[in-house]
Asker: 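The structure follows.
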Amino acid sequence: METAHGSALVLGMMSGTSLDGLDLACVEISWRRRELLPSSPSVPDTEWTYRFIQTQCLSYEQKWQSRLRSATDLSARELESLHREYGRYLGQQARQFLTAYGLAPDLIASHGHTVFHEPSDGYTLQIGGLEEIALETGVMVVGDFRSQDVARGGQGAPLVPIGDRLLFSEYDACINLGGFSNVSYEQDGERIAYDMGVCNLLLNQLSEMLPGGVDWGGEQARSGKVMAAMTDELQALDYYRAPAPKSLDRSWYEAHLWPIVARYQADYRREDLLATACHHIAWSLATHLALPQDAKILLTGGGALNDHL
């Protein structure tokens with residue numbers, strides 16, 4: 001028996017590790033609560049649905065790419081200043097987006113941009129002052145989504161396994177091919193989620209010298225040859241043998257993975273580097289997942305547009 005229902009208009013804002021830009025999505029989220037019946041106690045008590053109203057991706061100017069990429073090197077005072085300035089930038093972009101499309105959300109949910117993510121040491125940091133966004137837009141703002149999970153001993157990543165469970169339950173697994181690849185799926189009644197390995201962070205860096213800075217559809221990678229020596233070194237990284245739950249950040253990439261790739265840059269064609277990167281990404285997914293052949297998988301993130309991958 002239905003006991004309650006409702007909906008909310010929410011603007012979500014996200015900046016990913018790959019630094020390609022700021023994603024904005026205005027979504028109507030609806031819920032309908034049911035009274036559990038004794039005959040079927042396992043039926044979820046709330047049904048959730050969603051409807052996209054408007055979306056946009058705003059590419060970062062070189063200034064913001066550079067400032068966000070180097071944020072880990074800032075002093076505490078400089079980082080706090082960037083936190084506030086980036087929050088104002090987010091608020092301004094949100095206000096312009098809402099004005100352009102005549103939208104009046106009930107809520108803005110802003111993830112911000114990750115600077116530090118060290119769950120093994122008990123902390124994670126996303127910048128982009130929520131107060132600044134609220135002042136710019138006049139809308140209630142929520143954020144800092146990872147910290148409570150980390151405080152409880154979790155990884156704080158991937159970000160939305162509960163969203164995968166509530167909105168995409170018809171899929172056997174939800175895989176995000178973002179700066180890193182991550183997955184969430186049901187196992188013994190629990191939602192399992194973790195980072196599987198690098199993804200667009202590596203592909204983007206290798207594509208910077210190509211026209212437009214992008215390997216459109218993976219065409220360059222498709223024409224290259226996989227390099228066995230580089231493949232072996234990448235697959236030997238300890239992270240791939242670590243048990244889940246686990247998560248990655250840019251500092252791991254810069255300290256452990258990119259130095260391997262950099263050693264091959266001068267002597268091999270970019271096509272071969274991209275081909276090897278795609279092979280490695282696909283291997284990392286296959287290594288972590290044991291899904292049936294007919295599994296129904298939802299692929300999201302920029303990597304989903306890379307046909308070769």
Side-chain angles (χ1 to χ4, degrees), residues 2-17 20-34 44-60 64 68 82-115 117 124-152 154-169 174 176 178 182 184 191 193 298 300-301:
E2 187 176 301
T3 57
H5 61 87
S7 66
L9 191 64
V10 180
L11 172 61
M13 305 175 68
M14 177 77 185
S15 173
T17 314
D20 54 348
L22 173 66
D23 291 322
L24 301 101
C26 190
V27 183
E28 182 184 54
I29 297 178
S30 303
W31 61 90
R32 184 181 65 183
R33 191 164 296 152
R34 296 184 294 262
D45 66 341
T46 304
E47 176 184 345
W48 296 83
T49 56
Y50 67 95
R51 181 170 66 94
F52 282 104
I53 306 301
Q54 189 67 51
T55 63
Q56 188 175 6
C57 180
L58 301 173
S59 298
Y60 282 129
W64 276 113
L68 293 174
L82 179 61
H83 171 61
R84 296 297 166 190
E85 186 178 348
Y86 183 57
R88 286 192 292 276
Y89 167 82
L90 293 177
Q92 290 163 3
Q93 300 308 313
R95 176 165 45 80
Q96 292 172 18
F97 174 82
L98 296 173
T99 301
Y101 295 107
L103 300 168
D106 302 296
L107 179 72
I108 293 176
S110 178
H111 169 266
H113 185 82
T114 298
V115 177
H117 183 67
T124 184
L125 175 66
Q126 286 72 45
I127 62 170
L130 306 182
E131 302 87 348
E132 310 292 341
I133 300 171
L135 285 172
E136 288 284 347
T137 62
V139 179
M140 180 169 59
V141 181
V142 297
D144 199 15
F145 303 116
R146 300 184 189 271
S147 294
Q148 188 175 43
D149 187 57
V150 170
R152 290 171 176 266
Q155 291 287 306
L159 186 61
V160 289
I162 186 63
D164 292 341
R165 167 183 265 185
L166 296 178
L167 299 178
F168 307 111
S169 59
C174 296
N176 174 48
N182 55 59
S184 77
R191 195 76 188 182
L298 175 64
T300 61

Asker: Between the main-chain N or O of H5 and the side-chain N or O of R32, is there a donor-acceptor pair closer than 3.5 Å?
Answerer: no

Asker: Strictly below 4.0 Å, N to O, side chains only: are R84 and E131 in salt-bridge contact?
Answerer: yes

Asker: Go through L159 and R146 one step at a time and tell me if the side-chain contact (heavy atoms from CB on, under 4.5 Å) criterion holds.
Answerer: CA-CA 7 Å; L159 186 61; R146 300 184 189 271; 3.9 Å; yes

Asker: Once you round to the nearest 0.5 Å, how far does OH of Y86 lie from CG of L22?
Answerer: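 Atom-to-atom, Y86:OH and L22:CG are 5.5 Å apart.
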
Asker: Taking all non-hydrogen atoms of both residues into account, name the closest pair between S110 and L90 and its distance.
Answerer: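 In terms of heavy atoms, the two residues are closest at OG-CD1, 3.8 Å.
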
Asker: Are the side chains of L107 and V142 in touch, meaning some heavy atoms are under 4.5 Å apart?
Answerer: yes

Asker: Rounded to the nearest 0.5 Å, how far does CE of M13 lie from SG of C26?
Answerer: 11.5 Å

Asker: Would you indicate whether the side-chain heavy atoms of W48 and I29 approach each other to under 4.5 Å?
Answerer: yes

Asker: Determine whether the side chains of Q126 and T124 contain a donor N or O and an acceptor N or O closer than 3.5 Å.
Answerer: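 Short answer, yes.
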
Asker: Can L98 and L11 be said to form a side-chain contact (heavy atoms from CB on, under 4.5 Å), step by step?
Answerer: CA-CA 9 Å; L98 296 173; L11 172 61; 4.0 Å; yes

Asker: Has D106 got a side-chain atom pairing as donor or acceptor with L9's backbone, closer than 3.5 angstrom?
Answerer: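 Such a contact is found between D106 side chain and L9 backbone.
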
Asker: Roughly how far, to the nearest 0.5 Å, is CG of D23 from OG1 of T55?
Answerer: 8.5 Å

Asker: Dump the intermediate steps for side-chain contact (heavy atoms from CB on, under 4.5 Å) on I127 and L82, then the final yes or no.
Answerer: CA-CA 8 Å; I127 62 170; L82 179 61; 3.8 Å; yes

Asker: Give the minimum heavy-atom separation between F145 and A109, together with the two atoms involved.
Answerer: CZ-CB, 3.8 Å

Asker: Within this structure, what is the CD-CD distance for the pair Q96 and Q56, rounded to the nearest 0.5 Å?
Answerer: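 The distance works out to 9.5 Å.
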
Asker: Assign the ring pair Y50 / F168 to parallel, tilted or perpendicular, where the plane angle (0 to 90°) is split at 30° and 60°.
Answerer: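 Answer is perpendicular, since the angle exceeds 60°.
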
Asker: Checking H83 side chain against G128 main chain: does a donor-acceptor pair fall under 3.5 Å?
Answerer: yes

Asker: Search all heavy atoms of S184 against all heavy atoms of D164 and return the closest pair with its distance.
Answerer: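 Minimum heavy-atom contact is OG-OD2, 2.6 Å.
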
Asker: Which heavy-atom pair separates S15 from H113 by the least distance, and what is that distance?
Answerer: OG-ND1, 2.7 Å

Asker: Looking at every non-hydrogen atom in both residues, tell me the closest pair between G87 and E132 and how far apart they are.
Answerer: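 Minimum heavy-atom separation between G87 and E132: C-CB, 3.5 Å.
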
Asker: Assess whether side-chain contact (heavy atoms from CB on, under 4.5 Å) is satisfied between T114 and L125, documenting all intermediate values.
Answerer: CA-CA 6 Å; T114 298; L125 175 66; over 6 Å; no

Asker: Could you give the distance from CZ (F97) to CG (L103), rounded to the nearest 0.5 Å?
Answerer: 6.0 Å

Asker: Is there a side-chain contact between R51 and T49 (heavy atoms, below 4.5 Å)?
Answerer: no

Asker: Any idea which heavy atoms bring D149 and G156 closest together, and the distance?
Answerer: OD2-N, 2.7 Å

Asker: Could you tell me whether the side chains of T137 and R95 share a donor-acceptor contact shorter than 3.5 Å?
Answerer: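 R95 and T137 do not have a side-chain donor-acceptor pair below 3.5 Å.
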
Asker: What's the spacing between Y89 OH and L68 CG if we round to 0.5 Å?
Answerer: 8.5 Å

